[in-house]
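Letters A, B, ... are given to chains in the order of the sequence lines, protein chains preceding strands, and every chain is numbered from 1. Please read all numbers here as calculations on a predicted model, not as lab measurements.
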Amino acid sequence: MLIIPCPHCGPRDQIEFRSGGEGDRARAVNPSALNDGELAEFLFLRRNTKGPHRERWNHAAGCGKWFTLTRDTRTHRFIT
Amino acid sequence: MRVANGGARIDRSKTIGFTFDGRMLTGHPGDTLASALLAKGIHFVARSFKYHRPRGIVSAGCEEPNALVTIGTGALAEPNTRATMVELYDGLVARSQNAWPSLDFDLGALTGVASRFFPAGFYYKMFLGSAWRWTKVYEPFIRRMAGLGPAPTAPDPDIYDKMHAHCKTLVVGGGTAGRTAALAALSDGRVILIDENVPDAWIEGVRYLSRTTAFGRYDGSLVMAVERLTDHLPLAERSGPRQRLWQIRANKIVLATGAHQQPLVFPNNDLPGIMLASAALAYLRDYAVLVGRRIVIIGDTDGVEELREAGAEVVQLDSAAAAHGRKRVTAVTDSQGRRYACDAVLMAGGWQPAVHLHSHVNGKVIFDSSRHCFVPVADDDQPESVGACAGDLPVCAPIAPVVGAKAFIDYQNDVTIADIDLATREGFVSVEHLKRYTTTGMATDQGKLSNLNALNRLADNLASEPGEVGTTTFRPPYTPVTFGTLAGHDRNLFIDPTRVTPMHDWHVAQGAVFEDVGQWKRPRFYPQPGEDMHSAVLREGRAVRHGVGMLDVSTLGKIDIQGPDSAAFLNLVYTNAWTKLEVGRCRYGVMLGEDGMVLDDGVTARIGDNRFIMFTTTGNAARVLDHMEDYLQTEWPHLKVWLNSVTEHWSAAAVTGPRTRDMLSGIVDDIDLSNEAFPHLSWRTGKVAGYTVRLYRISFTGELSYEVHCDARHAPMIWDALFAAGQPFNVTPYGTEAMHVLRAEKGYIIIGQETDGTVGPDDLGLSWAISKSKSDFIGKRSLMRPDMQRPDRRQMVGLLPDAIVSEGAQITASDTDTDMLGHVTSSYWSPADDRPFALALVAAGRSRIGHTVYARFGDRAVHCIIVDPVFYDPEGEHLNG
């Protein structure tokens, strides 16, 4: 059970959060201009980093805000 | 036997009674079940898992592999309890396990006779042949023969509690090293100390959790422990929770979990009377129990003089070649063949630190070659280990295993050294393969007394070192934890909240049969006397088609959307266009995921220039709100839109059928219900019984239909008023089952029934809802993916089957074909046409209208004709009237 550092509420138990997958990925401003390969990458491909991993969390049972944190997937430590 | 020496833990002045296998015995307060049995000279207490060999008590602690008994009777019976960990109480009832008809005379021992046919992994090679042999012969036989104790069949009546705690320092282990660490940590802040037993001395200022086992360590500096509150008390004295689960977050964790002495490996090392030397000394010192009169000690240990003073003859050997005996050890032979008669053998082997909690969260271990054991590697990221568990142990020379018949490595799973050698010969040379192929270390004792010996043998066989071979991963729980403790109070009704509508009591009074939709209780149908679901649903459906029906739709998701960019936002989340929707009108919307698959559908109404209310499928409400909120926060924070769930603020009744207008005109005030004034897909505000209501003209049945929405606090009164107003028209309450049938007759989809995350809007015939002019909406680009354009995509169609078909039935071109063309998504009996019908997804379905296919389920093949998915009123005359 991780302790997740919510930027708004402070460290909270993992059970209060919902995971949102890999972070730092933006939806294209003009998705219609993407070719099939770029679209597939947006939809399906993830880096799946072993090590510092950028990921989204939503404090669902708290402030309700989405934010992105870095977590080392080898040690589960959040890197601030 | 009980002696005058020692006995630090027992109170000799009192006697308590207990039974073992029906035999009445006595012991003292402070005894464990094991010490009390040994005090009576009883060593043979169990039969082994596979070979049903007689087994005795090996240890004096939680690492006990053999002495597994069932404590208690009936619903309170707890099987597979280690006798060494049971605190004796007056009236305790204990029984041996895995022996029939009795411990002494066990027919299961015949497997021991045939044991050469049951080596490790025998089931991979032996039980070949057709599948029925597995279900009818092999499996029942194995289940009866191999065994631990049977579980009780009644629900656990005990109460279990849960607590959270936070502290500066958590010390696990109440021995010398643990107490020293706790004392030193007091100046830092709050200290919690976890002790398996009851401590004999208490350190002031330290918070003790006694009779508590820390069974797991987890990320975030979390330790979970079980506190045993009443297991040591006579039944009549027990009250309150039986056990308490502790979830402890500590700033610093100190592990002082000690070490386990390891058995020696030689033929028949599992006979009753053969135990760990440290255990025999513990029994003498703590419980005044001498485990034998003629003792042979193999290896070096302290306490030899104490054993002699207590009255035993003691012989010490450097090694043993074999032990002899049947239900008790009677002799030991040494490597020269000399025979020593004895009634107890003490194995003074090396020690293995209890590194489990260290290892649970990536703690590494390293092989210490002078102590011949694995010790924790110190790391800033890991807890501090102190004392024996850190490797603070005497240096010793290992005693080599002796190979021969029945030289056991893992007592509990009956794994011998021959099995380890067999596995190596067969190529299972990785420690992970060795473990799983032989099952060594996989029993309830998790290899505490077997892993090290197994690894040593593997290393020898590979001409390697134990450090090279490595260990398998230790995982929680350290010792078994009963499910009740993990469940705590989250049982039965407390597992999940139950959500009911304001009309719930009315539905119950009407005799509704309910179904669970997410956490909601919704009426499924209202059976009248003599009706089953089929007849009730037919009656309800016909009432809606010919008269008027009422359905409680309060559970529908409702999302309030406000802000100047509301319409622009709806344009992005829905496939169709919203800017021009007038205040007072509603529109059906289709919502896609980024991959172009249908996520949800529903109606959204424009309440004001900058305000909408969105209705979603009951089960999807939270998901849709989260989906929209996510985009607003992370992709489009520039949009001025605010969302709120109002699902429970509004209640609603759907009133539907050809007589609806007649029924509502008498009861709804201030609204002109005529078709011209109040067209389909619009809303109006009025009153019912004096309460403000909003009527939405939305239909899910294909009949003339109004949803009457109100403040949830007024709902029961409004429902009653509507129902009374409907009596002259024979208004019929109907449930979700009839609702499903009626919508299916119109080809209306249900999210999760016709959709499964792989179905796109065109597949469902919803291309009409996809805007061609909008430059962007979620999923738009993905609709152009080659896979979304495939001509053989599965498309929604109707089926006219010869008989009712199963939902999920596979669709094939002929009754023998095995190529799956699609599947049945919904299947019902049509109230309108009085015949079976279904909706299905079929490859290139729309081009196959008129064709014959078969629906396959079980061993049935039902002939079907593919038709348009709208079975009833395709022109929509009833809807728009």
Asker: Under 6.0 Å from the CZ atom of A:F44, do we count more than 12 heavy atoms belonging to anything else shown?
Answerer: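 Yes.
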Asker: When only pairs under 4.5 Å are counted, which of B:R785, B:M784, B:E629, B:E594 shares the most heavy-atom pairs with chain A?
Answerer: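 With the most close heavy-atom pairs to chain A, the winner is B:E594.
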Asker: What part of B:S221 gets closer than 4.5 Å to chain A, counting heavy atoms only: side chain, backbone, both or neither?
Answerer: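 Neither the backbone nor the side chain of B:S221 comes within 4.5 Å of chain A.
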Asker: Which atoms of A:L2 come close to chain B, meaning under 4.5 Å heavy atom to heavy atom: side chain ones, backbone ones, both, or neither?
Answerer: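 It is both, since atoms from each part get that close.
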Asker: Is the number of heavy atoms from other residues, nucleotides or ligands within 6.0 Å of CD1 (A:I15) greater than 12?
Answerer: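 Atom CD1 in A:I15 is not crowded, with 12 or fewer foreign heavy atoms closer than 6.0 Å.
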Asker: Taking side chain as everything from C-beta outward and backbone as N, CA, C, O, which of these in A:L34 sits under 4.5 Å from a heavy atom of chain B? Side chain, backbone, both or neither.
Answerer: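 For A:L34, heavy atoms of backbone and side chain both lie under 4.5 Å from chain B.
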Asker: So with a 6.0 Å cut-off around CD1 of B:I366, is the heavy-atom count from everything else above 12?
Answerer: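 Counting neighbours around CD1 of B:I366, 12 or fewer heavy atoms of other residues, nucleotides or ligands fall under 6.0 Å, so no.
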Asker: Tell me whether A:R47 at atom CZ has more than 12 heavy atoms from other residues, nucleotides or ligands lying less than 6.0 Å away.
Answerer: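 Counting other residues, nucleotides and ligands, CZ of A:R47 stays at 12 neighbours or fewer.
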Asker: Using a cut-off of under 4.5 Å on heavy-atom pairs, state which of B:N362, B:T634, B:D776, B:D630 scores highest against chain A.
Answerer: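 Among the listed options, the one with the most contacts to chain A is B:D630.
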Asker: Residue by residue, which of residues 20-27 of chain A have a heavy atom closer than 4.5 Å to a heavy atom belonging to chain B?
Answerer: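 A:R25, A:A26, A:R27 fall under the 4.5 Å cut-off.
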Asker: Looking at every non-hydrogen atom in both residues, tell me the closest pair between B:S775 and A:S32 and how far apart they are.
Answerer: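 The answer is O-OG, 3.7 Å.
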Asker: If you draw a 6.0 Å radius around CD in A:E41, do more than 12 non-hydrogen atoms from other residues or ligands fall strictly inside?
Answerer: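 At most 12 heavy atoms, drawn from other residues, nucleotides or ligands, come within 6.0 Å of this atom.
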Asker: Going by heavy atoms in the side chains, are B:K780 and A:P31 under 4.5 Å from each other?
Answerer: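 Counting from C-beta outward, B:K780 and A:P31 never come under 4.5 Å.
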Asker: Can you name the residues of residues 60-79 of chain A that have some heavy atom under 4.5 Å away from a heavy atom in chain B?
Answerer: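 If one takes a 4.5 Å heavy-atom cut-off, the residues of residues 60-79 of chain A near chain B are A:G64, A:K65, A:W66, A:R74, A:T75, A:H76, A:R77.
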Asker: Sub-3.5 Å donor-acceptor pair from the side chain of B:R781 to the main-chain atoms of A:L39, do we have one?
Answerer: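 Checked: no pair found.
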Asker: Measuring heavy-atom distances to chain A, does B:D595 have an atom under 4.5 Å in its side chain, in its backbone, in both, or in neither?
Answerer: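 For B:D595, backbone and side chain are both near chain A.
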